[in-house]
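Predicted, not measured: the structure shown is a model, and the values here were computed from it. Throughout, a chain's letter reflects where its sequence line sits, starting with A, and its residues are numbered from 1.
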Amino acid sequence: MSYPFKEIEKKWQDIWFEKKSFSAADEGGKPKYYALIEFPYPSAEGLHVGHPRSFTAMDIIARKRRMEGHNVLFPIGWDAFGLPAENFAIKHGVHPRESTGRNVANFKRQLKMLGFSFDWDREINTTDPAYYKWTQWIFQRLFKKGLAYKADIPINWCTSCKVGLANEEVINGTCERCGSPVVKKNKNQWMLRITEYADRLINDLDEVDYLDKIKTQQINWIGKSYGAEIDFSVSRDLNIRVFTTRPDTIFGATYLVLSPEHPMLADLGRLISNGPEVRNYCEQAKYKSDLERMDLSKEKTGVMLEGLGAVNPATQEKIPIWVSDYVLMGYGTGAIMAVPAHDQRDYEFAMKYKLPVREVISGGDISVEAYEGDGLLVNSGFLDGLNVEKAKEEIVAWLGTHNLGRSKINYKLRDWVFSRQRYWGEVIPMVQCDKCGWVPVPEEELPVLLPEVKSFISGEDGKSVLEGLTDWVNTKCPKCSGSAKRETDTMPQWAGSSWYFLRYIDPKNMSEFAAKEKLDYWLPVDWYNGGMEHTTLHLLYSRFWHKFLYDEGLVPCKEPYKKRTSHGMILGSDGEKMSKSRGNVVNPDDIANEFGADVFRVFLMFIGAFDLAVMWNTEGLIGISRFLNRVWNTVEKIDVNISLAEKDLRLMHRTIMIVSDRIEKMRFNTAVSEIMSYTNELLAMTAIPKKMIEILCVLLYPFAPHMTSEIWENAISKDTGLMDQRWPEYDSNLITEENVTIAVQVNGKLRGTLDVEKGMSQERLFELVIGDDKLSKYVDRGKVKKVIYVPDKLLNIVAGK
RNA sequence: GCCGGAGUGGCGGAAUUGGCAGACGCAAGGGACUUAAAAUCCCUCGAAGCCUAGCUUUGUACGGGUUCAAGUCCCGUCUCCGGCACCA
């Protein structure tokens with residue numbers, strides 16, 4: 001008979017909710033512990049099974065920490081601004097506030113149904129004016145410190161969403177959300193100077209405990225590289241400045257290449273004989289989508305600036321200047337010195353346009369491909385005979401003394417495009433005055449509320465909904481009271497999520513984003529788990545904001561998250577990403593209804609290694625369901641009169657050790673299998689000492705809190721609740737068996753096992769082998785060359801033939 | 001192309017630092033209980049072979065190597081997944 005999970009789960013959820021069992025106090029004698037999961041976007045589809053995978057994991061940590069005597073903060077909220085709600089509004093005319101509200105209610109129901117130990121008193125919502133007031137406030141502080149600025153730059157423009165995208169939202173030249181091609185478009189945008197923090201975002205990774213691959217991703221995304229800027233003279237008063245990481249190859253620089261967007265092209269136009277051709281090429285580059293421009297397989301294209309040349313400062317040779325879209329304006333200086341012998345991209349370009357290739361590093365075969373490795377310098381004047389590293393130093397010094405160049409560090413990381421031409425986001429709290437320029441809306445007027453609108457459809461020309469609200473847009477300058485216009489761009493979804501973990505600390509504070517004493521108490525986040533897909537952008541952005549707030553003296557620590565882990569995705573049973581169109585979506589409601597929340601939770605932890613992607617397979621649920629029923633049935637065998645035998649103690653302590661360890665290492669699948677084995681052992685007994693059931697309840701409680709709480713109440717104690725129990729410590733004297741099984745090998749081959757007492761000597765063991773009927777036949781005593789003994793584990797007898 | 005990660009029975013997956021490969025679970029087969037079924041419980045379960053109470057050989061993507069001993073370490077190859085991608 002299966003246990004009545006419906007009643008039990010409802011009962012305990014009500015108790016927890018009514019008693020506020022998981023509300024965190026902002027002080028107290030206990031050590032604090034801040035466990036964080038990524039707050040979800042409340043989509044119309046409801047909870048994805050990937051959410052409870054992460055939530056259950058951190059819920060296990062949170063519940064275990066409470067039992068270990070910590071004051072635990074485990075909060076939840078809603079990252080509720082964003083495109084889907086707005087797209088829904090465009091389609092159905094429903095205000096995003098309304099649809100978002102509905103979705104939040106549904107998510108809440110689902111999360112409660114799964115029994116997560118969230119502190120519901122601290123629930124936050126990024127679309128709540130009381131929340132976004134502070135998002136706007138932080139933006140203004142960034143502005144006041146010169147870290148937010150407007151720039152007229154080519155942005156990524158999604159042709160379908162009609163919205164500017166951050167570089168990070170462009171996937172292979174297409175829009176991350178809708179997959180449409182992305183083109184360049186000039187737009188005056190708010191930018192955040194994240195590049196100013198690039199070094200600190202790399203260096204401070206030393207202080208935190210993130211998975212190595214997460215650190216690597218952060219470092220690679222920032223993309224720091226060391227090189228030099230070098231000036232190539234074009235005419236008496238014109239220089240082209242290039243950035244290169246290989247200044248050592250300067251003697252092999254046989255031409256220069258400018259990006260089609262390079263500002264200098266306007267000036268150079270007058271000096272060249274093929275101006276129209278060049279202009280035409282640049283125009284075309286502009287209208288190419290990123291998809292086309294980034295297609296690596298395509299042949300490189302370019303146009304030479306005819307009648308013009310630059311002087312290679314090392315060789316004094318006059319070399320041609322080209323324009324090509326393989327050089328990007330957004331990196332370095334937007335101009336390069338091309339060294340075809342030692343850069344594959346330059347090599348391909350030189351081959352196509354029959355440009356000279358000059359070897360300056362020996363070691364490769366430049367008739368086949370560019371050689372990018374190390375070697376001795378040749379054809380390089382005073383650098384000849386040096387290796388690459390030494391030559392770099394020499395040439396940079398030489399360029400410096402002749403005032404032709406200097407060493408320079410560059411980053412792949414660009415400043416953060418912070419503007420969106422959208423309705424459903426935080427209004428950027430700025431006003432533009434003809435006289436005073438950009439002026440922040442006075443702090444006491446924050447938040448700038450998102451105005452009500454009738455239609456959510458943006459203009460054909462990419463004009464946003466807010467731009468159409470003339471009454472709202474026209475306002476007075478806070479400084480001079482002259483006529484001024486409000487900013488109509490809104491913030492990206494990354495804004496609200498860049499600081500939400502701070503608001504949890506003091507969610508209802510009306511006068512500050514969070515009180516200092518509370519921040520001092522709770523920060524940093526002790527453990528933050530989330531999806532691998534957020535380990536570059538969200539993590540980088542929120543670290544950037546946090547560092548800024550630290551510089552402002554508003555938070556007590558440099559890094560927001562002490563420890564960061566990531567869970568793998570849950571794929572459909574077909575091994576594909578779950579999606580409506582594939583029809584492979586699993587609805588948590590169905591699972592909870594049929595099997596119960598506890599089975600669902602334990603199953604999610606059992607399904608596979610936590611950090612790897614797993615396929616959903618419904619069959620496995622039956623195994624977990626049986627397991628929990630078996631646990632439920634253990635109480636029938638409780639015998640309060642029998643005491644613990646030594647072997648029971650050993651089993652218990654071993655299990656405590658392994659389960660504790662596996663939880664901390666997030667190897668939940670093996671923690672569960674260990675509890676299963678323990679349960680199997682218990683059920684094999686004719687009578688079970690009560691203590692052993694107690695331990696079973698405690699160890700399983702973080703995974704299956706409802707049913708273990710019920711068992712505890714029914715069979716262990718009515719007075720003290722399970723959640724108030726102490727997480728057990730193990731006795732290291734009791735974790736090993738007294739008797740051990742030794743694997744006996746002859747010449748590395750397993751020939752049998754021997755059960756002996758612990759700590760037996762090699763000599764005695766060897767005699768036992770010789771005396772053993774089954775084993776002795778493999779060993780010819782006279783021919784034994786060597787015996788290898790791993791105490792209490794293995795004996796390997798090496799013998800000649 | 002570059003940077004990560006993975007490849008183990010019919011399936012999901014175990015195997016702290018090299019030390020009994022296949023824990024735990026699913027599926028399957030057999031048995032008990034039952035009028036029957038479901039549920040539950042017990043047994044078997046990588047492959048091949050043989051003189052079949054057992055024994056032998058073989059086996060962790062593929063090919064080499066190191067070692068008394070390799071799923072684990074080293075070299076090379078293939079496949080899959082994730083991230084980045086003309087970043088000079």
With a 4.0 Å cutoff (strictly under), does any side-chain N or O of [X] reach OP1 or OP2 of [N]?
X	N	value
A:Thr741	B:C20	no
A:Asn669	B:A14	yes
A:Lys213	B:G5	no
A:Asn220	B:A85	no

[atom1] gap between [N] and [M], integer Å:
N	M	atom1	answer
B:C24	B:U77	P	39 Å
B:C84	B:G65	C1'	34 Å
B:U8	B:A14	C1'	10 Å
B:C20	B:C68	C1'	16 Å
B:C3	B:C75	P	14 Å
B:A23	B:G13	C1'	10 Å
B:G49	B:U35	P	43 Å
B:G30	B:C81	P	39 Å

Looking at [Y] and [X], is any side-chain nitrogen of the basic one under 4.0 Å from a carboxylate oxygen of the acidic one?
X	Y	result
A:Arg654	A:Glu674	yes
A:Asp199	A:Lys224	yes
A:Arg564	A:Glu38	yes
A:Arg406	A:Asp231	yes
A:Glu299	A:Lys352	yes

Base partner of [N], which must satisfy Watson-Crick or wobble distances under 3.5 Å:
N	answer
B:U77	B:A61
B:U52	none
B:A38	none
B:U16	none
B:A69	none
B:A27	none
B:G9	none
B:G82	B:C3

* Asked: Does B:G76 fall in syn (glycosidic angle within 90° of 0) or anti?
  ->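 It is anti.
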
Of all the choices, [options], which nucleotide is nearest to the side chain of [X] once you look at every atom?
X	options	answer
A:Leu328	B:G19, B:A88, B:U58	B:A88
A:Glu619	B:A85, B:A14, B:C26	B:C26
A:Asn796	B:A88, B:A69, B:C20	B:A69
A:Lys786	B:C68, B:C84, B:U16	B:C68
A:Val614	B:G19, B:A88, B:G13	B:G13
A:Leu750	B:G25, B:A21, B:A88	B:A21
A:Ser673	B:G4, B:U40, B:C24	B:C24
A:Arg626	B:A14, B:U40, B:C24	B:U40
A:Arg630	B:C41, B:C24, B:U16	B:C41
A:Arg751	B:C20, B:G83, B:U57	B:U57

Applying a 4.0 Å non-hydrogen cut-off, can you work out what [X] is touching in the nucleic acid: base, sugar-phosphate, or nothing?
X	result
A:Met676	sugar-phosphate
A:Ile624	nothing
A:Gln745	base
A:Asn410	nothing
A:Thr244	sugar-phosphate
A:Phe606	base
A:Lys412	base
A:Ala335	nothing

Between [atom2] of [N] and [atom1] of [X], the distance in whole Å:
X	N	atom1	atom2	answer
A:Asp343	B:G1	CG	C1'	13 Å
A:Leu628	B:G25	CG	P	12 Å
A:His262	B:A88	NE2	P	17 Å
A:Tyr789	B:G18	OH	P	20 Å
A:Phe627	B:C41	CZ	P	13 Å
A:Leu612	B:G12	CG	P	13 Å
A:Trp221	B:A85	CH2	C1'	10 Å
A:Leu682	B:C41	CG	C1'	17 Å

Fill in: Along RNA chain B (nearest heavy atom to each residue), the more 5'-positioned of A:Lys665 and A:Ser225
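The residue whose closest nucleotide sits nearer the 5' end is A:Lys665.
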
Reading RNA chain B from 5' onward, which residue's closest nucleotide shows up sooner: A:Met657 or A:Asn680?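 On the 5' side of the pair lies A:Met657.
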
Q. Does the ring of A:Tyr326 carry A:Lys300 above it, NZ/CZ under 6.0 angstrom from centre and within 45° of its axis?
A.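 A:Lys300 over A:Tyr326 ring: yes.
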
Using only atom types and a distance under 3.5 Å, with no angle test, would you say the side chain of A:Tyr281 pairs donor to acceptor with the backbone of A:Thr301?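 Checking the backbone N and O of A:Thr301 against the side chain of A:Tyr281, a donor-acceptor pair under 3.5 Å is found.
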
**Request:** Return the orientation label for the A:Phe349 and A:Tyr353 ring planes: parallel under 30°, perpendicular over 60°, tilted otherwise.
**Result:**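 Aromatic pair A:Phe349/A:Tyr353 classed tilted.
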
Looking at every non-hydrogen atom in both residues, tell me the closest pair between A:Asn529 and A:Ser566 and how far apart they are.
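Scanning both residues, the minimum pair turns out to be OD1-N, 3.5 Å.
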
**Prompt:** Taking atom types as they are modelled, is there a donor-acceptor pair under 3.5 Å from the base of B:C86 to the side chain of A:Lys300?
**Reply:**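 Per atom types, the contact qualifies.
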
Less than 4.5 Å apart, side chain to side chain, heavy atoms only: is that true for A:Thr634 and A:Met685?
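Sidechains of A:Met685 and A:Thr634: no contact.
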
